[in-house]
Amino acid sequence: MQPTIEPPVQNPMHRNIPVENITELGQTNIPTYKSNIHCMTIIGQVEGHSILPPQNKTTKYEHIIPQLIAIEENPEIEGMLVVLNTVGGDVEAGLAIAETIKGLSKPTVSIVMGGGHSIGVPIGVSANYSFIAPSATMTIHPIRLTGLVIGVPATLDYLDRMQERVVRFVTGNSNITAQTFRDLMFKVGELSQDIGTVVVGEDAVKYGLIDEVGTISQATRKLRQLIEERKNGGGIH
């Protein structure tokens with residue numbers, strides 16, 4: 001008769017914890033609270049029609065836009081919080097994301113944490129209400145072009161048209177004037193070997209680019225306020 005082998009005692013702290021949570025997320029447990037708010041993150045570099053190197057941390061517009069449409073169609077989601085920490089990226093992809101966020105019928109609030117640079121600026125102002133962390137920055141600079149330049153006059157005209165699209169969107173969705181935005185964009189000496197301006201926290205609010213300096217808790221509180229206003233039929237303010 002063979003001796004009975006007792007099964008190893010499991011640590012109750014590790015019971016029912018998916019391996020994926022540890023290997024992928026670096027945590028042993030994640031909250032299961034079901035919220036009516038969806039958090040959308042715009043991080044790294046906004047990737048456009050060209051695939052960036054695998055070592056780059058990117059936000060792919062072909063992933064974000066279907067998510068935004070799903071949020072619009074999901075009756076359980078009543079509002080969206082957009083968290084930005086991006087260096088910018090492809091202009092058309094960034095504008096596509098910004099226009100999609102602007103077009104949502106549900107309340108949206110954005111908050112810049114770390115940085116909302118370059119094409120991250122239109123994304124940051126696309127929400128119904130915007131916040132920026134006190135230490136966060138936003139870089140405003142002219143459109144840059146990489147790749148083959150076919151003809152100088154045609155290229156300059158193309159850049160000017162692209163730049164005007166960004167100016168119109170930003171000024172149309174924030175309190176900054178077109179002249180102030182252009183002054184910041186073409187300021188000389190602010191950036192090393194370039195023109196443009198780095199705007200920090202309170203300065204972004206002072207220029208009218210962002211609505212308020214705040215934290216995540218303030219952003220979520222504002223979003224819940226907008227959700228309640230929408231429920232009560234008062235619109236979004």
As an exercise, state the distance from [atom1] of [X] to [atom2] of [Y], rounded to the nearest 0.5 Å.
X: Gln45; Y: Ile119; atom1: CD; atom2: CD1; result: 12.0 Å
X: Leu68; Y: His63; atom1: CG; atom2: NE2; result: 13.0 Å
X: Gln55; Y: Lys57; atom1: CD; atom2: NZ; result: 12.0 Å
X: Leu81; Y: Thr41; atom1: CG; atom2: OG1; result: 10.0 Å
X: Ile71; Y: Ile101; atom1: CD1; atom2: CD1; result: 8.5 Å
X: Phe181; Y: Leu209; atom1: CZ; atom2: CG; result: 6.5 Å

Please confirm whether the backbone N or O of [Y] pairs with a side-chain atom of [X], one donor and one acceptor, at under 3.5 Å?
X: Asn74; Y: Glu76; result: yes
X: His117; Y: Gly88; result: no
X: Glu228; Y: Gln225; result: no
X: Ser130; Y: Asp211; result: yes

Exercise: identify the closest heavy-atom pair between [X] and [Y]:
X: Tyr207; Y: Val199; value: CD1-CG1, 4.1 Å
X: Tyr61; Y: Glu47; value: CD2-O, 3.3 Å
X: Ala96; Y: Ile65; value: CB-CD1, 4.0 Å
X: Leu84; Y: Gly120; value: CD2-O, 3.6 Å
X: Ser105; Y: Arg230; value: O-NE, 3.2 Å
X: Val83; Y: Cys39; value: CG2-SG, 3.8 Å

Is there a chain of hydrophobic side chains (I, L, V, M, F, W, Y, each step under 4.5 Å between heavy atoms) that links [X] to [Y]?
X: Ile123; Y: Val87; answer: no
X: Phe169; Y: Leu104; answer: yes
X: Val46; Y: Leu52; answer: no
X: Ile43; Y: Met40; answer: no

Is any side-chain heavy atom of [X] less than 4.5 Å from a side-chain heavy atom of [Y]?
X: Thr86; Y: Thr59; result: no
X: Leu95; Y: Val166; result: yes
X: Phe131; Y: Ile216; result: no
X: Lys102; Y: Val125; result: no
X: Lys106; Y: His38; result: no
X: Asp203; Y: Thr197; result: no
X: Ser118; Y: Thr139; result: no
X: Ile210; Y: Met138; result: yes

Practice item. Would you mind telling me which of Thr108, Asn128, Ile37 makes a side chain to side chain contact (heavy atoms under 4.5 Å, CB included) with Met80? Key: Thr108
What I want to find out is whether [X] reaches [Y] closely enough, with some N-O distance under 4.0 Å, to be called a salt bridge.
X: Arg165; Y: Glu92; result: yes
X: Arg182; Y: Glu164; result: yes
X: Lys222; Y: Glu212; result: no

